[in-house]
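Worth saying up front: this structure is predicted, and the values here are computed from it rather than measured. Chain A is the first sequence line, chain B the second, and so forth, proteins listed ahead of strands; every chain is numbered from 1.
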There are 2 protein chains.
Amino acid sequence: MAKSKSFHHGDLKRALMRAALEILDEDDVAGVTIRAVAKRAGVSHAAPANHFPDRRALLTTLAAEQFEWIFDAIQAGSSRDDLMPIDRIAVLFDVFLQFGLEHPYRYQLLWRYDLIDHDADILREPADRVYDFLTGEIGKIICRKTVDPDTVAVAIWSMMHGYLDLRMTGMFEDRQDIISGKPRAQAILSIISDYLEGLRAAP
Amino acid sequence: MAKSKSFHHGDLKRALMRAALEILDEDDVAGVTIRAVAKRAGVSHAAPANHFPDRRALLTTLAAEQFEWIFDAIQAGSSRDDLMPIDRIAVLFDVFLQFGLEHPYRYQLLWRYDLIDHDADILREPADRVYDFLTGEIGKIICRKTVDPDTVAVAIWSMMHGYLDLRMTGMFEDRQDIISGKPRAQAILSIISDYLEGLRAAP
DNA sequence: CTCTAAAATTGACACTGTCTATATTGACTT
DNA sequence: AAGTCAATATAGACAGTGTCAATTTTAGAG
C-alpha cells in the first residue's frame, strides 16, 4: 500500500493536517506553526519534516484540501439537472459565501500567496476545477460575441472574493448594520445576477 | 515645537517610516521587521520602541500613510469641476488600480488586518475619507429609491479590491494573457461603469 | 534474527519581537 | 553657567520561530 500505516501514529501526515486545521480555525494561520502542529499531533517538533519539506508545503496542502472541499460542495449543490446556468453560478456563490463567513481563517489562507505555493499542482488542480466551473457556466449564458466570458468570470470572481475579503478586514463592519452578513451578501449576489441577466439580452 | 529635532538622527520616526517603506517595496511586509528597519535607519534594534510601541503600530502608521497618499491622488485627479460623478469614480478606480499594480506590497499591507490595527484612528480616518468619497459620488448618481447606495458602494469596492487582490495572487495570471494588466483592468472598469449607468436609468 | 530504510527524536543555529536595565543626549530650570 | 530630568538610544536577555544535522527508534523484508 502506498500509505503505509507506520509507527505508533498510524498516519501522521493526516494527523498533522487535522491538527493544523484545528489550530487554523482557532488562531488564524499565524498560529499554524510547525512546532504547534507537531505538539498537537503529539510528536516532536521536527517530525513533520518527514512529511512536509517546510511550512509552506504544509500550508499549501492545507489550502488544497479546502479547495477540494469547496469544489465538492459546489458539485453536490448543483448536481440536479433542472438547474439553469445562472442557478449553478448562484450555487457557487452560496458555497463560497457560506464557507468564507463560517471559516474566515480557512478562506483567507487560500489567498496567502506569501505563505502557500499557488503554482503547486496539488493546489492548482482543485482551484482550476472551481474556476473552470464558473467560466463554463458563464459561457453557456453569454450569447453575443462582443463580451469575453473570461472577463466576465474575472469580474464576478473579483466581486465575490473582494466582498468576502473586505468584510473580513472589517471594512464594512460598522459602516452599516450587518449582523449575520447574509442580507448584504445576498444583495451582492442579486447585483451579479442582474448583471448576468443583462448580458444574456441582445445588445 | 511638537516634533523636537533631537539626537543625531533628527527625526528618527520619519527615518524609520522611510526605511520601512523601502523594505516593504523590496521584500514584502514579511521583510519589514523591527530589526531590519532599525538597521537600515542606522540605529540599534530597540531604538524604534521609543516611537512605536510594537511592530503593529509601525505597520499601521505605514498603511495610514498609503491611504493618505491615495486620497490625495484621488482629490488631485478629480479637482476639475467639469467632471461628472461617474468620472470621479473612474478617477478613484484608476488611482487604486495604478497604485495596486505599481506597488503591490503597499496595497496588500492595507488589508492585512492581522498585522495592522484597522480600528486605529490614524488608519481609519484616511480610509474613511476615501470610502466616503465613493459613497458620495454614488449617491449623486442613483435616483431611484429602490437601490441602496451603500450596497452599490460595497459592490463596486469589492470588485475593485477583489480584482487587484486576486491578480496579485496570480489567480488570473496564466489563465489568460495579461501582460501589463491594464487591458483587463479597463474591462473591469467598463463593467462597473455600465453597471452604474444602468442604475441611473429609471426602472 | 538480522538488516535496512523510513520515521521520529534531540540539539543546535540564526532569526524574530519585546522586555529590562543602562547610558546618552538636549533643553529647561535655578 | 551649572544642574536636573525627561526623552532617546543602546546592549543584553528571553521565549518564540523554521530548518538543518546527527542520532535513535521503528517496522517490515530477507
Legend entry - Contacts of type ring-ring contact (aromatic ring centres under 6.0 Å, His included), residue A:F99, not counting sequence neighbours: A:W69, A:H103
Legend entry - side chain to side chain donor-acceptor pair (under 3.5 Å) contacts in which one or both residues fall within residues 31-48 of chain B, not counting sequence neighbours: B:E22-B:R40, B:E26-B:R40
Inset, instruction - Report yes if at least one side-chain N or O of A:H51 is closer than 4.0 Å to OP1 or OP2 of C:dA6; otherwise report no. - result: no
Inset, instruction - Figure out the NZ/P separation between B:K13 and D:dA9, and round it to whole Å. - result: 12 Å
Legend entry - Candidates C:dA8, D:dA9, C:dC19 - which lies nearest the side chain of B:A46: C:dC19
Legend entry - Mutual orientation of the aromatic rings belonging to A:W111 and A:H118 [parallel < 30°, tilted 30-60°, perpendicular > 60°]: parallel
Inset, instruction - Not counting sequence neighbours, which residues clear salt bridge (charged side-chain N to carboxylate O under 4.0 Å, His left out) with A:K140? List them please. - result: A:E137
Inset, instruction - Give the ring-plane orientation class for A:H161 versus B:H161, where under 30° counts as parallel, over 60° as perpendicular and anything between as tilted. - result: parallel
Inset, instruction - Please determine if A:D82 and A:R80 form a salt bridge, counting it only when a charged side-chain N lies under 4.0 Å from a carboxylate O. - result: yes
Legend entry - Listed partners of A:D114 passing salt bridge (charged side-chain N to carboxylate O under 4.0 Å, His left out), at least two apart: A:R112, B:R112
Inset, instruction - Using atom NZ of A:K39 as one end and atom P of C:dT9 as the other, report the distance to the nearest whole Å. - result: 14 Å
Inset, instruction - Specify whether B:Y113 and A:Y105 have parallel, tilted or perpendicular ring planes, treating 30° as the upper limit for parallel and 60° as the lower limit for perpendicular. - result: parallel
Inset, instruction - Mark yes or no for a side-chain to base donor-acceptor pair under 3.5 Å between B:N50 and D:dA9, with no hydrogen or angle criteria applied. - result: yes
Inset, instruction - Grab the CG-P distance between A:L59 and D:dT17 for me, whole Å please. - result: 14 Å
Legend entry - Contact letters for nucleotides 12-17 of chain C, in which S counts primed atoms plus P, OP1 and OP2 and B counts the base, heavy atoms under 4.0 Å: B---BB
Inset, instruction - Give the angle between the helix axes at the two ends of the helix from C:dC1-D:dG30 to C:dT30-D:dA1, taking five base pairs at each end and rounding to 10°. - result: 20°
Inset, instruction - Grab the CZ-C1' distance between A:F52 and C:dA7 for me, whole Å please. - result: 14 Å
Legend entry - Heavy-atom donor-acceptor pair, A:S193 side chain to A:L189 backbone, under 3.5 Å: no
Legend entry - Rounded distance (Å) that lies between atom C1' of D:dT17 and atom CG of A:D27: 15 Å
